[in-house]
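What you see below is based on every heavy atom in this structure, not just the backbone, and it leaves out hydrogens, waters and symmetry mates.
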Amino acid sequence: MGQQKTAPESGTRESERRRTILRAAIDVFARKGYHGCRIADVAKEAGVAYGLVYHYFKNKDELLETVFETGWSGFIARARAVAESEGPLVEKVRRIADVAFEAYRVDPRAVKVLILEIARSPAGARINRQTAFVDVIRLSAQMFTRAKESGELRPDVDPLLASALLFGSIEMGLTAFVVGLADARDTVMLERAKAQIADSFLHGVLLSGASSKAETTKHASTPHELPRGDEPQDAAPPKREKAAPKPRTPKRG
């Protein structure tokens with residue numbers, strides 16, 4: 001007689017199958033879009049029977065919702081860790097941008113689905129996007145509020161709007177790669193885009209003079225101007241021209 005599988009083994013196998021189907025759904029959604037995706041496509045991509053997909057997911061709406069919950073919850077957790085950590089605002093903004101662009105570098109198809117099929121498509125209307133997006137904006141707004149209290153943020157900047165602008169900038173930057181305006185395979189371009197978004201945002205909200213110690217040290221070590229004085233210190237003094245000899249007056253006889 002064959003041995004029966006224990007509950008832990010069965011549970012692990014179930015989880016693996018579910019993850020395989022979910023991964024296949026991400027790939028099909030990214031390739032065909034929500035409306036072009038069929039359950040049969042997901043089953044074929046996952047290498048499982050058609051009916052097995054329905055064993056784990058009621059329909060493709062539930063598949064899309066699960067893709068969102070899985071991907072978004074991971075991003076929220078990493079963004080929260082950054083927002084609630086110690087350190088200057090400059091560093092936190094750069095790290096949040098890094099979290100978003102790193103997610104795209106690791107799994108561009110999943111980010112494409114989040115942006116095009118959930119954030120902007122009517123297909124995502126079944127998902128409670130408002131609550132999800134409001135949560136991340138409020139989380140970041142608390143970070144900006146603390147920065148304002150510590151004197152890093154300009155006094156006229158609204159923390160809630162600053163948060164919305166930050167994530168809006170990140171989303172649009174990623175969209176440029178998702179829709180093919182920028183080459184997603186170009187890692188240098190990804191790094192440049194991430195840095196440019198953070199720099200452009202920070203220049204608009206920081207109080208004049210507020211920056212991280214690292215940036216201060218970097219700028220301080222870079223020569224921008226000559227030493228005090230009208231001329232460089234090592235320059236030789238200019239030569240003085242000799243005065244022309246005065247004409248001699250002849251003596252009277």
Side-chain angles (χ1 to χ4, degrees), residues 1-85 95-96 98-140 167 170-171 174-175 177-178 184-185 190:
M1 292 177 62
Q3 293 181 344
Q4 285 189 331
K5 292 185 180 293
T6 62
E9 289 176 345
S10 178
T12 300
R13 188 176 180 183
E14 290 284 305
S15 298
E16 288 177 353
R17 280 180 175 175
R18 190 175 188 275
R19 281 196 297 268
T20 299
I21 293 171
L22 194 60
R23 180 68 250 177
I26 290 172
D27 294 341
V28 176
F29 281 137
R31 190 168 62 248
K32 294 189 172 185
Y34 171 82
H35 293 293
C37 171
R38 300 176 304 163
I39 292 296
D41 299 325
V42 176
K44 183 178 180 180
E45 185 79 19
V48 300
Y50 176 82
L52 189 61
V53 178
Y54 285 106
H55 174 72
Y56 295 98
F57 302 97
K58 185 167 56 178
N59 48 40
K60 70 176 183 179
D61 293 342
E62 187 174 324
L63 264 172
L64 186 65
E65 184 176 352
T66 306
V67 168
F68 173 75
E69 289 174 350
T70 303
W72 192 250
S73 62
F75 173 73
I76 288 289
R78 291 187 290 272
R80 182 184 298 277
V82 173
E84 295 179 350
S85 65
R95 286 172 60 195
I96 287 175
D98 186 61
V99 166
F101 276 82
E102 180 64 12
Y104 180 75
R105 188 190 67 78
V106 171
D107 197 348
R109 291 180 181 177
V111 173
K112 180 179 181 179
V113 173
L114 285 175
I115 291 178
L116 296 186
E117 300 303 323
I118 296 176
R120 298 184 181 178
S121 170
R126 300 172 183 85
I127 299 171
N128 193 351
R129 295 176 296 186
Q130 182 177 353
T131 299
F133 296 149
V134 165
D135 285 347
V136 73
I137 289 174
R138 284 180 175 165
L139 169 67
S140 180
F167 284 100
I170 291 173
E171 181 192 353
L174 287 172
T175 299
F177 290 92
V178 165
R185 297 165 297 181
L190 277 170

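Residues passing the side-chain hydrogen bond (donor to acceptor under 3.5 Å, both in side chains) test with S85, sequence neighbours excluded: R95. With sequence neighbours excluded, the residues forming a salt bridge (Lys or Arg N to Asp or Glu O under 4.0 Å) with R31 are E45, listed by chain and number. Scanning for side-chain hydrogen bond (donor to acceptor under 3.5 Å, both in side chains) contacts around R109 gives D27, with sequence neighbours left out. Partners of D41 by side-chain hydrogen bond (donor to acceptor under 3.5 Å, both in side chains), not counting sequence neighbours, listed by chain and number: K32, R38. F75 pairs by the ring pair (Phe, Tyr, Trp, His ring centres under 6.0 Å) definition with W72, not counting sequence neighbours. I39 pairs by the side-chain contact (heavy atoms from CB on, under 4.5 Å) definition with Y50, V53, Y54, K60, L63, not counting sequence neighbours. With sequence neighbours excluded, the residues forming a salt bridge (Lys or Arg N to Asp or Glu O under 4.0 Å) with R105 are E102, listed by chain and number. Qualifying side-chain contact (heavy atoms from CB on, under 4.5 Å) partners for T70, counting only residues two or more places apart in sequence or in other chains: L22, T66.
Using a 4.5 Å cut-off on side-chain heavy atoms (C-beta onward), R17 and V48 make no contact.
Taking CG from L190 and CZ from F177, the interatomic distance works out to 4.5 Å, rounded to the nearest 0.5 Å. Taken from OG in S73 to CG in D135, the straight-line distance is 12.0 Å, to the nearest 0.5 Å. Atom CD1 of I21 is separated from atom NE2 of H55 by 8.5 Å, given to the nearest 0.5 angstrom. Taken to the nearest 0.5 Å, the CD1 atom of I76 stands 9.0 Å off from the CZ atom of F133. Between atom OH of residue Y104 and atom OG1 of residue T175 there is a gap of 10.0 Å, rounded to the nearest 0.5 Å. Atom CZ of F29 sits about 4.5 Å away from atom CG of L64, to the nearest 0.5 Å.
With respect to R23 and D107, a salt bridge is recorded, a charged nitrogen being found less than 4.0 Å from a carboxylate O.
Residues A79 and L139 share a closest heavy-atom pair of C-CD2, 4.2 Å. Taking all atoms of both residues into account, the shortest heavy-atom contact from A100 to I170 is CB-CG2, 3.5 Å. Of all non-hydrogen atoms in T20 and A46, the two that sit nearest each other are CG2-O, 3.7 Å.
Using modelled atom types, no side-chain atom of E62 and backbone atom of F57 make a donor-acceptor pair closer than 3.5 Å.
Among pairs with a residue in residues 68-81, those fulfilling salt bridge (Lys or Arg N to Asp or Glu O under 4.0 Å) read R80-E84, at least two apart in sequence or across chains.
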